[in-house]
Amino acid sequence: MSTATSQKAEAVLEGLSEAQRQAASYLDGPLIIVAGPGSGKTRVMSHRMAYILATGVPPWRTMGVTFTNKAAAELRERCNILASRFVPNAAETNVSTFHSFGARFLRIHHDAAGLSRDFTIYDRDDQERMLKLIISDLNADAKVGEVLSSIEKAKNNNQKPDMFASIDTGYRHELHAEIYGLYEAELQKSNGVDFDDLLLKPYRILVQDDHIRSEMQDRYQHIMVDEFQDTNALQFELIRVLGDTHRNICVVGDPDQSIYSWRNARPENMERLAEVLPGCKIFELSESYRSTKTIISAASGLIAHNPRMIERVLFTNNEQGEPVEIGVTEHPEHEAAVIMDLVDRRMRSAVSKNGVGNLDDVAVLYRTNAQSRALETECSRRGVQYRLIGGMRFYERREIKDALALLRIVVNPNDETSLRRIINVPPRGIGPATLRKIEEFSLLNGVTLLDAVLLASDPTESRGLGLGNAALRKVRAFSDFVRTLVLNSETLYPNDLLEYALKGSGYNDWVQKDEETRAERFQNLEELGMLTEQYSNPDDRIEPRQALSDLLEHTALFANVDTLDDGVGTGSDELNSNVDAVGAITLITLHQAKGLEFDTVFIAGVAEGLLPHAMALNVRTQDEYEAACGEERRLMYVGMTRAKQKLHIMWPLYTSSSFHRRPNTPSQFLKEIPEEQVKEIEYARVPGRTPPPPVAFSSSSGVAVDRDPVVPSRRRREREKFSEIGVDDLPEEIRFKAGQRVRHETFGTGVVVNSRPVDGDLRVTVAFSEAGVKIVMASMANLEKI
DNA sequence: GGCTTAGGCTTTTTT
DNA sequence: AGCCTAAGCC
């Protein structure tokens with residue numbers, strides 16, 4: 001490096017801590033950056049990318065990979081801001097998500113993948129539709145979700161159907177393998193790919209095609225990957241291959257924040273990279289610039305219960321801060337009310353201190369999307385602005401998918417899934433029987449389903465379809481519409497084409513029919529219309545058809561977190577809020593909250609069965625149980641470390657307020673948080689605890705005033721839970737000992753092999769004769785003694 | 001043959 | 001709330 005160059009490079013590193021600077025400026029081979037929560041991960045990545053450019057590496061020879069479009073945009077922009085002083089074309093770095101990288105790769109090398117350029121990207125809903133059809137054609141007894149996860153697993157391990165079939169035997173496995181094969185054939189026929197294909201097909205091409213591989217390997221001098229703990233086997237291999245020439249692979253992540261193993265992520269990938277790439281350097285960023293000492297200690301105490309390959313200690317020089325509050329409430333609705341009261345109080349105190357309270361600084365985190373309902377209702381009731389992340393994602397809404405399906409059949413005439421989706425939506429008299437005849441014709445004559453439909457417009461040829469007069473008339477009307485739609489696509493830009501499609505198909509009129517839903521559906525279609533405007537500027541000198549393809553690619557690859565900053569701001573429109581604040585409170589799942597931070601964080605519903613979630617713990621072996629529980633614990637850890645100033649953890653005594661309610665037990669994770677960092681507050685009377693704490697109520701929901709809780713000491717309660725309560729102390733109906741024969745509704749009969757009391761409940765391990773070994777909670781499982 | 005309606009069932013997390 | 005099925009109606 002020349003002196004001038006090295007001065008530029010040094011300037012780019014300004015403002016980094018010593019540890020950050022070392023990680024950002026190490027360019028001598030592979031490195032792993034283990035970055036704890038709030039340690040400046042994004043900062044280090046963007047500075048490092050800028051540093052690479054400042055040393056003279058051309059932007060097009062760098063590559064940055066993230067999981068979300070939002071993270072990609074942030075990395076690109078921050079790097080550009082830092083480097084543009086020295087490098088004029090700093091914005092030309094290749095920063096993208098795994099999936100958009102794959103899509104771009106396949107658009108270029110579509111021939112090698114056996115696709116045409118206009119292939120369709122199928123999302124989960126499309127996949128499910130295809131599989132449903134295949135399963136019902138086979139008359140097979142298979143669950144769509146289970147087949148899908150088999151297929152995903154196979155693809156993530158680079159197994160084609162025959163390979164997948166050979167790795168295991170058993171009825172179910174063979175059936176899944178067969179369906180997988182048919183599914184692949186269907187994709188091929190449809191000129192379509194699924195999300196996994198966006199990685200798998202490029203990987204296979206790279207492995208097989210020496211020319212393409214060496215071209216790419218030579219090109220990418222530096223590769224950086226974000227959130228590496230969430231990569232799967234395929235993504236690991238893809239990165240390894242791409243970086244094999246220059247070996248400048250830099251991965252950033254935190255094994256403690258790995259929360260996607262259900263999506264086949266391999267948290268051990270971080271450590272494994274060091275084995276695969278000899279001489280790999282490991283940097284640790286252990287100082288948190290985000291949270292208070294209290295929050296860091298609390299979170300560290302929790303995560304210490306997980307077995308870890310490398311011990312890590314997170315620390316901070318921030319202030320001590322307030323204790324973590326564990327709040328006990330009556331039921332989820334009460335929990336929501338208490339949370340809103342606490343938010344209200346915090347906003348008011350912010351107003352008195354700095355003159356303004358900002359709801360943007362507050363988030364409520366929860367395990368399942370369904371939990372947002374109680375919170376939404378409470379926000380609406382009080383007129384508090386909120387921002388709901390996730391739930392039903394925009395591009396997954398029915399009317400949006402229908403509208404896009406109309407456009408998709410124009411771009412890709414082989415896209416049967418989209419054609420089936422809208423051939424009789426709105427109802428136009430083309431029912432199952434008519435559709436079957438069209439299908440038969442298409443199979444018999446080797447033409448696409450769409451071509452068979454379009455035949456109906458031809459007076460003579462249409463007889464071949466074998467339809468009655470009435471049915472033919474209806475298909476012909478649809479066919480005529482599709483023909484004009486396709487013709488119009490040559491000249492109309494996406495905005496006008498969409499409008500034509502919605503009008504001409506009768507979709508607009510149909511949407512108006514349902515009084516309940518029309519306002520929302522219409523609004524969503526309007527929003528889609530706005531998006532199409534961005535792809536409809538003739539000045540961009542992009543042909544209408546190309547613009548349409550670009551639009552569809554965008555809708556396929558854009559996820560929901562990406563729109564986080566767009567202020568979805570639902571809630572009531574009037575600002576009659578009794579909260580003195582601006583902005584909007586964020587409601588978000590723990591998974592989606594990763595990477596975000598807020599001054600004040602509430603984690604709601606921290607009860608056994610919800611966090612850890614019962615479904616996650618429904619596994620066969622003890623080892624699997626430990627692994628699943630570990631992942632749920634990491635989820636809790638991610639949630640806790642989102643908080644900068646104040647963390648509230650809430651759990652409701654009952655599962656709901658209705659008469660179906662069942663008692664909850666607090667999450668096992670609560671007692672793993674060191675008690676020095678915790679203050680417990682009872683907003684509801686806890687049965688069995690005496691005396692009931694005197695509670696002072698605020699106006700709306702009964703929030704207790706701040707005071708130290710009058711409850712038995714934590715140590716005493718733990719002693720009660722663990723040493724003094726044995727199986728024999730439990731109520732008869734949930735008392736199961738080893739050897740007891742039981743019957744379960746779905747698992748059938750089995751024998752108890754082990755049982756352990758957990759918080760007034762019993763964790764029972766049962767070996768079922770049909771279903772294998774299951775671990776269940778006695779109060780939930782409804783086991784019958786036999 | 002196709003459409004509408006009612007009732008039962010289920011809902012972990014998502015690039 | 002949305003999907004599926006069954007039943008009754010046009």
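Note: hydrogens, waters and symmetry copies are ignored here, and every other heavy atom, side chains too, is used. In this text the structure is predicted, and so the values were computed from the model without any measurement.
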Between [X] ([atom1]) and [N] ([atom2]), how many Å, whole number?
X: A:Glu399; N: C:dA1; atom1: CD; atom2: C1'; value: 13 Å
X: A:Arg397; N: C:dA1; atom1: CZ; atom2: P; value: 15 Å
X: A:Ile438; N: B:dG1; atom1: CD1; atom2: P; value: 14 Å
X: A:Lys143; N: C:dC4; atom1: NZ; atom2: P; value: 15 Å
X: A:Arg124; N: B:dT11; atom1: CZ; atom2: P; value: 12 Å
X: A:Glu128; N: B:dT11; atom1: CD; atom2: P; value: 12 Å
X: A:Asn264; N: B:dT13; atom1: CG; atom2: P; value: 17 Å
X: A:Asn156; N: B:dT14; atom1: CG; atom2: C1'; value: 13 Å

Closest to the [X] side chain, choosing from [options]:
X: A:Thr368; options: B:dC3, B:dT14, B:dT13; value: B:dT13
X: A:Met615; options: B:dT12, B:dC3, B:dT14; value: B:dT12
X: A:His613; options: B:dT12, B:dT4, B:dG2; value: B:dT12
X: A:Ala433; options: B:dT13, B:dT11, B:dG2; value: B:dG2
X: A:Lys132; options: B:dT13, C:dC4, B:dT4; value: C:dC4

* Does A:Arg381 come within less than 4.0 Å of A:Glu378, counting only side-chain N to carboxylate O? ->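 Looking at A:Arg381 and A:Glu378, the cut-off is met.
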Give a yes or no on whether [X] atom [atom1] has more than 12 heavy-atom contacts from other residues, nucleotides or ligands under 6.0 Å away.
X: A:Arg373; atom1: CZ; result: no
X: A:Arg518; atom1: CZ; result: yes
X: A:Asp137; atom1: CG; result: yes

* Asked: What do you reckon, do A:Trp262 and the base of B:dT13 stack, with centroid distance below 5.5 Å and planes below 30°?
  ->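 So yes, this residue stacks on that base, both cut-offs being met.
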* Given DNA chain B, 5'-ward residue of the pair A:Pro432 and A:Gln235, judged by closest heavy atom ->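 Looking at DNA chain B, the more 5' nearest nucleotide goes with A:Pro432.
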* To do: Please tell me which of A:Ile430 and A:His99 maps to the more 5' nucleotide of DNA chain B, matching each residue to the nucleotide holding its nearest heavy atom.
  =>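 With A:Ile430 and A:His99 compared, the 5'-side residue is A:Ile430.
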Under-4.0 Å side-chain N/O to phosphate OP1/OP2 contact, [X] with [N]:
X: A:Asn424; N: B:dC3; result: yes
X: A:Asn369; N: B:dT12; result: no
X: A:Gln592; N: B:dT14; result: yes

* When you measure from the side chain of A:His176 to the backbone N and O of A:Ile151, does any donor-acceptor pair fall under 3.5 Å? ->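 No; zero donor-acceptor contacts below 3.5 Å.
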* Can any side-chain N or O of A:Glu527 pair as donor or acceptor with the backbone N or O of A:Gln523 at less than 3.5 Å? ->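 The answer is no, because no donor-acceptor pair under 3.5 Å joins these two groups.
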* Asked: Does any nucleotide pair with B:dT5 by Watson-Crick or G-U wobble geometry, both distances under 3.5 Å, and what is it?
  ->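 The answer is C:dA6, by the H-bond criterion.
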Using a 4.0 Å heavy-atom cut-off across all strands, classify [X] as base, sugar-phosphate, or nothing.
X: A:Arg373; result: nothing
X: A:Thr97; result: nothing
X: A:Asp230; result: nothing

